[in-house]
Amino acid sequence: MEIFKYMKEYDYEQLVLCQDEQSGLKAIIAIHDTTLGPALGGTRMWTYASEEDAIEDALRLAKGMTYKNAAAGLNLGGGKTVIIGDPKKDKNEELFRAFGRYIQGLNGRYITAEDVGTTVQDMDLIHEETDYVTGISPAFGSSGNPSPVTAYGVYRGMKAAAKEGFGSDSLEGKTIAVQGVGNVAYKLCRHLHEEGAKLIVTDINKEAVQRAVEEFGAEAVEPDEIYGVECDIYAPCALGATINDETIPQIKAKVIAGAANNQLKETRHGDILHEKGVVYTPDYVINAGGVINVADELHGYNKERAMKRVETIYDNLARVFEISRRDNIPTYKAADRMAEERIERMRKSRSQFLQNGQHILSRK
Ligand SMILES: NC(=O)c1ccc[n+]([C@@H]2O[C@H](COP(=O)([O-])OP(=O)(O)OC[C@H]3O[C@@H](n4cnc5c(N)ncnc54)[C@H](O)[C@@H]3O)[C@@H](O)[C@H]2O)c1
Ligand SMILES: CC(C)C[C@H](N)C(=O)O
């Protein structure tokens, strides 16, 4: 991978490599765009096949956060971190504190939070060294684990997608295939079960599947069977790139709506879904509940205010579907257009009222 060429092509601002021998920290902080404000995005801890894979993941996820934050109406740019390591084996206090010092060194250009493989406890350790971390324990007056709020936002967004696909936003009696029943999807399944949906679930973690079977009466299938099941809605809630050349021919759902980031392997897969008449719900619009929730901490956390904003996911998606229908473009393009137009509008107006390029943290 030619890193500068890649960064130039997609307009990245900064890539920071952090190494600390003592703790074993190897982290990559990618900052995509700070036009709207400091870059906010979670920290993922994962075992990558190569350093190049890790860098590419950080870059892709950071760009996704630029679009997610812009589309959600937040005054925040996009960034993301990946820590190379096994979250089950390689975590220690020194590692997260060393990482916290690297974040502090960026002086507010990047603010972190949870992502796959990291927890509230990890954020509390990072907080020992920096203020530029959100999703820390409620004991600090913060919002805690963002996953339940992400799940609620996905649930509301799925209803907006159902309205587009089936003419009604009721999920009662709908069959929903859920891939991955981890932190977000477990809570999502609870909302869906309470509304009377039928659930088909899968996960590589058998205990997670068993919990969904026992608590929500879900039907369990093997991980590679989930794409082909008879269902109304497919909800990808594990990792990214599951909508691809192999899976699209198998998917029978009319609507795709789930929590995972970067669901389309390539943008052309969004074009194929559009041609097939499948309602694809852009991932970064539907899964913005968590970031909306942690972003509220920057103003002194107020749960009621945060949840009110999470409700806007329904209307944001209705707008995306409307643009897609009006201009006959795939929904992912409609969402990109909405986000890019906001960034461009703010880029122009900022020169009129924020001459120093100050961002919201400087007003704290
Ligand atoms: N947690 C949040 O607030 C949040 C916010 C926005 C987006 N997301 C995205 O939503 C997704 C889920 O996040 P999470 O916090 O629930 O993560 P998680 O790790 O708790 O859950 C993911 C689940 O997927 C399972 N899984 C992994 N590979 C699988 C496969 N091939 N087949 C079936 N199951 C598989 C895992 O075993 C795990 O149970 C991720 O893509 C994440 O980036 C999460
Ligand atoms: C809580 C957020 C800052 C990060 C979250 N993992 C996301 O992808 O949206």
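Numbering of ligands and ligand atoms starts at 1, following listing order.
The main-chain N or O of Ala58 is never found under 3.5 Å from a side-chain atom of Thr81 such that the two would form a donor-acceptor pair. A distance-only check finds a donor-acceptor pair linking the side chain of Asn69 to the backbone of Met65 [under 3.5 Å].
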Taking distance alone, no hydrogens or angles, what donor-acceptor pairs closer than 3.5 Å link side-chain atoms of residues 182-189 to residues at least two apart or in another chain?
from, atom 1, to, atom 2, distance (Å)
Tyr186, OH, Arg190, NH2, 3.0
Tyr186, OH, Glu215, OE1, 2.6
Tyr186, OH, Glu215, OE2, 3.4

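The shortest heavy-atom distance from Arg44 to ligand 1 is under 4.0 Å.
Taking all heavy atoms of Ala260, Cys237, Gly290 into account, the minimum distance to atom 22 (C) of ligand 1 is reached by Cys237. Considering only non-hydrogen atoms, atom 6 (C) of ligand 1 lies nearest to Asn287 out of Thr202, Asn287, Val291, Thr119.
Considering backbone and side-chain atoms alike, Lys68 places every N or O at 3.5 Å or more from each N or O of ligand 1. Residue contacts with ligand 1: Ala238 is placed with a nitrogen or oxygen under 3.5 Å of a nitrogen or oxygen of the ligand (distance criterion only). At a 3.5 angstrom cut-off on N or O pairs, Gln179 does not count as close to ligand 1. Where the criterion is an N or O separation shorter than 3.5 Å, residue side chain and backbone included, Ala259 meets it with respect to ligand 1.
At least one side-chain heavy atom of Asp245 sits less than 4.5 Å from a side-chain heavy atom of His269.
Other residues, nucleotides and ligands contribute over 12 non-hydrogen atoms within 6.0 Å of the NZ atom of Lys252.
With respect to Lys254 and Asp232, no salt bridge is recorded, no charged nitrogen being found less than 4.0 Å from a carboxylate O. A salt bridge links Lys206 to Glu222: one of the charged nitrogens lies within less than 4.0 Å of a carboxylate oxygen. The existence of a salt bridge linking Arg347 and Glu344 is confirmed by a sub-4.0 Å separation between a basic side-chain nitrogen and an acidic carboxylate oxygen.
Using a 4.0 Å cut-off to heavy atoms of Asp115, the atoms of ligand 1 that qualify are 43 (O). Atom numbering of ligand 1 starts at 1 in the shown order; those under 4.0 Å from a heavy atom of Val116 are 17 (O), 19 (O), 40 (C), 42 (C), 43 (O).
Shortest contact from atom 1 (N) of ligand 1 to any protein heavy atom: Ser147 OG, 3.2 Å. Of the protein's non-hydrogen atoms, the one nearest atom 21 (O) of ligand 1 is Gly182 CA, 3.3 Å. Of the protein's non-hydrogen atoms, the one nearest atom 38 (C) of ligand 1 is Asp203 OD2, 3.5 Å. Among all non-hydrogen protein atoms, the one lying nearest atom 14 (P) of ligand 1 is Val184 CG2, 3.9 Å. With hydrogens left out, the protein atom closest to atom 28 (N) of ligand 1 is Ile204 CD1, 3.7 Å, a heavy atom. The protein atom (non-hydrogen) at minimum distance from atom 18 (P) of ligand 1 is Asn183 N, 4.0 Å.
A cation-pi geometry, defined here as NZ or CZ lying under 6.0 Å from the six-membered ring centre and within 45° of its normal, holds between Lys174 and Phe166.
Using a 4.5 Å cut-off between side-chain heavy atoms of Ile, Leu, Val, Met, Phe, Trp and Tyr, Ile251 falls into a hydrophobic cluster with Ile200, Val221, Ile226, Tyr227, Val229, Tyr234, Ile243, Ile248, Ile256, Leu264, Ile272, Leu273, Val278, Tyr280, Tyr332.
At a heavy-atom distance under 4.0 Å, only side-chain atoms of Thr150, from C-beta outward, approach ligand 1. Contacts of Ala208 with ligand 1, taken as heavy-atom pairs under 4.0 Å, are absent altogether.
Applying the side chain to side chain contact (heavy atoms under 4.5 Å, CB included) test to Lys159 and every residue at least two apart in sequence or in another chain returns Tyr155, Arg156, Asp169, Leu171, Glu195, Tyr314.
Protein residues with a heavy atom under 4.0 Å from ligand 2 are Gly42, Met65, Lys68, Lys80, Ala113, Glu114, Asp115, Pro146, Asn261, Gly290, Val291, Val294.
One finds the CD atom of Glu128 at 13.5 Å from the CE atom of Met123 (value rounded to the nearest 0.5 Å).
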- Task: Determine, step by step, whether Thr331 and Ser324 satisfy the side chain to side chain donor-acceptor pair (under 3.5 Å) criterion, reporting the C-alpha distance in whole Å, the side-chain angles of both residues, the deciding distance to 0.1 Å, and the verdict.
- Result: CA-CA 5 Å; Thr331 51; Ser324 160; 5.6 Å; no

- Which is it for Thr47 and Asp86 under the side chain to side chain donor-acceptor pair (under 3.5 Å) test, yes or no, and what are the steps along the way? CA-CA 5 Å; Thr47 47; Asp86 184 340; 6.0 Å; no

